[in-house]
Protein chains: 2
Amino acid sequence: MTPQQYGVGARFTLSVYDSDYVRIILGALSEADSSGLSVETNDISTFVTGSEHRILEFITDVIAAAARSGAHLSAAILLSRGCPGELQCALPEGVPALGADPIALPDTGVRARAHWSLYPLLDPLVDADAGAGSGAGSGTTRDHMTPIYLAIEQAKSAGVYSGSDHYATRLDGDLAAVLRTAANAWIGVGETVQHVVTHLTVSINSPSPNRD
Amino acid sequence: MTPQQYGVGARFTLSVYDSDYVRIILGALSEADSSGLSVETNDISTFVTGSEHRILEFITDVIAAAARSGAHLSAAILLSRGCPGELQCALPEGVPALGADPIALPDTGVRARAHWSLYPLLDPLVDADAGAGSGAGSGTTRDHMTPIYLAIEQAKSAGVYSGSDHYATRLDGDLAAVLRTAANAWIGVGETVQHVVTHLTVSINSPSPNRD
């Protein structure tokens, strides 16, 4: 199954707080290498599908290019795996989860701060043990918060964890390190959970001081 | 249990594509009525907690006020219920889901287009039937896509459904109608699912034509 068939993709909105935003956004999109990807921009956001690695390279390149304008910007990013299609998932729930290699991204020199949330969309029916009627014990390692806590520990190891706000983990570091951390947690949960989504709101060149 | 104790709240990032963004954003935040709410703005986003109705009134007021500047803007909005706290949920998983009344919001006269995603974070353990070992049949009505499809049907009835893009439903209508539709789906799923999150990316005053 190709990444596209499995629904591996992203949707992101790049917001530039500058009256010259059209030039900055279109320039950043046109400069980034989209080989191996399908990219569609509409009035709300840009959709990208392809391999995890190429998707993240593309998004990193677009945001870094816009950031080098010096303008304050934010990016709302959604990464999804395991639920292709539009109105409905084209894959039925409960197909085997499909893993992928962790991604590597070279540092960009652009500092980013982000709020990050990870959503493993578990279904009772995909738990083979529960299906066999073995009862409550089978669910103990599949509660939806466990992979989230594990991902937060990995962000701490990666050196980009910067605290936890309500509903989101705060990341701070090179743009590539921030996106790498979120993407590898998303890929990691995807080893065992079919439908996994993660959202980031990234802020760059903000004039507001960090809360710390 | 108060809405705050149950973790009812929002986090939103208002992005104004205009070099005068500081004045527009701070003006919109200061004009909105925050009574009954706790509001904290940091360098990435604004956190709001209180009742569902007051939270949505506040967010609608802030975005509508910024939109009246005429500037192009986008807002990344996260609504969450059932998982209070920061690093960890302060409520254990599997406490009873707590309902709330649907909200009403008067129209604003501001047209908004949005990408909307709804995430019911179900856990196998909260399914009492599965816990009793009754097997696969117990999960058939609790797959995570069913409430999402139902919410899309409700958006169609509300007249704001505008198609489905990958990973998101497209809404188009008065800003209040768009936020009301997303919020009432989030509240509705919350009747039976403890931890429910919904994300919207709202675009207003965009110079790009709608894809239709």
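By convention in this document, chain letters (A, B, ...) are assigned in the order of the sequence lines, proteins followed by strands, and residues within each chain are numbered from 1. As the structure is a prediction and not an experimental result, all values here were calculated from the model.
Of all non-hydrogen atoms in B:L121 and A:P120, the two that sit nearest each other are CD2-O, 3.7 Å. The minimum heavy-atom distance between A:S74 and B:T13, with the atom names listed, is OG-CG2, 4.2 Å. The shortest non-hydrogen separation linking A:R170 to B:N42 is NH2-ND2, 3.1 Å. Residues A:Y167 and B:G7 come closest through the heavy atom pair OH-O, 2.8 Å. Nearest heavy-atom pair across B:D43 and A:S203 is O-OG, 3.6 Å. A pairwise comparison of heavy atoms in A:Y149 and B:C89 identifies OH-N, 3.1 Å as the closest pair.
When the candidates A:A76, A:S45, A:A168, A:S206 are compared by the number of heavy-atom contacts under 4.5 Å with chain B, A:S45 comes out ahead. In terms of heavy-atom pairs under 4.5 Å with chain B, the best-connected choice from A:L73, A:T49, A:T201 is A:T201. Here B:I44 is the residue among B:I44, B:T41, B:I24, B:V16 with the most heavy-atom pairs under 4.5 Å with chain A.
Here B:F12 pairs with nothing under the ring pair (Phe, Tyr, Trp, His ring centres under 6.0 Å) rule; sequence neighbours left out. Remark: B:R23 pairs with B:D20 by the salt bridge (charged side-chain N to carboxylate O under 4.0 Å, His left out) rule, at least two apart or across chains. For A:E191, there are no salt bridge (charged side-chain N to carboxylate O under 4.0 Å, His left out) partners two or more places apart in sequence or in a different chain.
Residue contact with chain A, scored on non-hydrogen atoms closer than 4.5 Å, involves the backbone of B:L14 exclusively. For B:I25, the part sitting under 4.5 Å from any heavy atom of chain A is the side chain, from C-beta outward, and nothing else. Proximity to chain A is absent for every atom of B:E40, based on heavy atoms less than 4.5 angstrom apart. Only the side chain of B:V197 comes within contact range of chain A, judged by heavy atoms closer than 4.5 Å. In this structure, chain A has no heavy atom under 4.5 Å from any part of B:T169.
Contact annotation for residues 62-72 of chain B against chain A (heavy-atom separation below 4.5 Å, listed by residue number): B:H72.
Panel note: side chain B:R11, backbone A:H166; a donor-acceptor pair is recorded below 3.5 Å.
Using a 4.5 Å heavy-atom threshold, the side chains of A:Y119 and B:H199 count as touching.
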